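Taking it in order: structure first as structure tokens, then the write-up.
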Amino acid sequence: MKIDWDLIIKIVIPLLMLLLGHILDRVFARKPKLISYLGHVSAFTLNNENQTQVFTHAIVVRNTGRETANNVRIGHFVLPSDYQIYPSIPHAIEPIPRGGAEIVIPKLIPGEQLTISYLYFPPLTWDRVNSYTKSDEAFAKILRVIPAPQLPKGAIALLWMLIFIGVTTIIYFIVQIVMALLA
């Protein structure tokens with residue numbers, strides 16, 4: 001089987017340009033990028049005569065972008081009266097018209113990370129506290145975090161290269177089959 005290099009070039013060059021454009025956009029785009037995830041959920045039974053239950057959880061909000069995020073808003077169905085923001089920064093509490101409240105943080109600079117810890121009592125549970133995280137620029141990406149070992153960057157780059165080669169090979173063979181059927 002003779003390899004049609006002209007066809008390979010016609011397929012590979014646009015794919016490489018698409019990949020290059022995506023990489024350049026990610027590298028040079030100057031915009032905030034908020035991520036948020038649940039840090040922990042805990043329940044405690046206090047050693048007092050009533051055996052009082054206390055619940056706690058934390059969320060982490062981080063700006064992984066290259067620009068400052070303005071008016072970061074962490075929405076709550078119910079905002080417990082006992083919460084703490086670490087590191088301590090200026091913030092405001094704004095009520096939401098149909099119930100709940102927002103913690104409003106004026107600015108979150110690139111690379112800055114906050115942990116908001118909550119303390120509350122039953123019947124309130126962690127899933128009825130937080131509702132959303134957003135800024136003036138965009139909604140935060142909510143991560144469902146599962147602890148897992150991370151591969152080295154070189155291994156990830158190798159995997160992506162192998163995926164690219166595989167996809168390109170499959171496209172080449174599909175085009176060859178279609179051309180053979182049409183001939």
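All figures in this text were calculated on a predicted structure; none of them were measured in a lab.
When hydrophobic clusters are built by joining Ile, Leu, Val, Met, Phe, Trp and Tyr residues whose side-chain heavy atoms come closer than 4.5 Å, directly or via intermediates, Val72 is not grouped with Ile35. Clustering ILVMFWY residues whenever any of their side-chain heavy atoms sit less than 4.5 angstrom apart, transitively, puts Val167 in a cluster other than the one holding Leu162. One hydrophobic cluster holds both Leu151 and Ile163 under the rule that ILVMFWY side chains link at heavy-atom gaps under 4.5 Å. Hydrophobic clustering places Met17 together with Ile9 (ILVMFWY residues linked when any side-chain heavy atoms are closer than 4.5 Å, directly or through intermediates).
One distance of note links CG of Leu79 with CD1 of Ile93; it measures 5.0 Å at 0.5 Å rounding. Separation of atoms CD1 (Ile96) and NE2 (His76) is listed at 8.5 Å; rounding is to 0.5 Å. To the nearest 0.5 Å, atom CD1 of residue Ile174 and atom OG1 of residue Thr169 are 11.0 Å apart. Note that CD of Glu112 is 9.5 Å distant from CZ of Arg62, once rounded to the nearest 0.5 Å. Within the model, atoms CG of Leu20 and NE2 of His22 stand 11.0 Å from one another, a figure rounded to the nearest 0.5 Å. Between atom CG of residue Asn130 and atom CZ of residue Phe77 there is a gap of 8.5 Å, rounded to the nearest 0.5 Å.
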**Prompt:** Should Phe121 and Val54 be marked as a side-chain contact (heavy atoms from CB on, under 4.5 Å) after you check the CA-CA gap, both sets of side-chain angles, and the distance that decides it?
**Reply:** CA-CA 5 Å; Phe121 300 92; Val54 178; 3.5 Å; yes
**Request:** For the pair Leu124 and Phe55, evaluate side-chain contact (heavy atoms from CB on, under 4.5 Å) and give the outcome as yes or no after the intermediate values.
**Result:** CA-CA 8 Å; Leu124 185 60; Phe55 296 153; 5.9 Å; no
**Request:** Decide yes or no on side-chain contact (heavy atoms from CB on, under 4.5 Å) for Ile59 and Val129, but give the supporting numbers first.
**Result:** CA-CA 11 Å; Ile59 64 164; Val129 175; over 6 Å; no
**Request:** Starting from the C-alpha separation in whole Å, work towards a yes-or-no answer on side-chain hydrogen bond (donor to acceptor under 3.5 Å, both in side chains) for Lys107 and Asn70.
**Result:** CA-CA 5 Å; Lys107 293 190 181 299; Asn70 297 302; 2.9 Å; yes
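Without hydrogens or angle criteria, His91 side chain to Ile89 main chain gives a donor-acceptor distance under 3.5 Å. The backbone N or O of Lys10 sits nowhere less than 3.5 Å from a side-chain atom of Asp6 that would complete a donor-acceptor pair. In terms of modelled atom types and a separation under 3.5 Å, the side chain of Thr64 and the main chain of Lys33 share a donor-acceptor contact.
By the 4.5 Å heavy-atom criterion applied to side chains, Val60 and Ser36 are not counted as neighbours. Side-chain atoms of Tyr132 and Glu102, non-hydrogen and from C-beta on, do get closer than 4.5 Å to each other. Leu15 places a side-chain heavy atom less than 4.5 Å from the side chain of Ile171. By the 4.5 Å heavy-atom criterion applied to side chains, Leu108 and Ser135 are not counted as neighbours. Contact annotation: the side chain of Leu34 approaches that of Asn63 to within less than 4.5 Å [non-hydrogen atoms, C-beta and beyond]. When side chains are defined from C-beta on, Thr125 does not count as touching Val41, because their heavy atoms never get closer than 4.5 Å. When side chains are defined from C-beta on, Ile156 does not count as touching Gln150, because their heavy atoms never get closer than 4.5 Å. Looking only at side-chain heavy atoms (C-beta outward), Gln84 and Leu119 stay at 4.5 Å or farther from each other.
Nearest heavy atom pair, residue Gly65 against residue Pro110, reads O-CB, 3.3 Å. What you find for Pro32 and Thr68 is that their closest heavy atoms are CG-O, 3.8 Å. Scanning both residues, Glu137 and Ala69, for their nearest heavy atoms gives OE1-CA, 3.7 Å. The two residues Pro87 and Gln113 make their nearest non-hydrogen contact at CD-O, 3.6 Å. In this structure, Trp126 and His57 approach most closely via the heavy-atom pair CB-ND1, 3.7 Å.
Ring geometry for Tyr118 against Tyr83 counts as tilted: the plane angle lies between 30° and 60°, on a 0 to 90° scale.
A donor and an acceptor atom, one from each side chain of Thr52 and Asn50, are nowhere located under 3.5 Å apart.
Phe164 CZ: more than 12 foreign heavy atoms inside a 6.0 Å radius.
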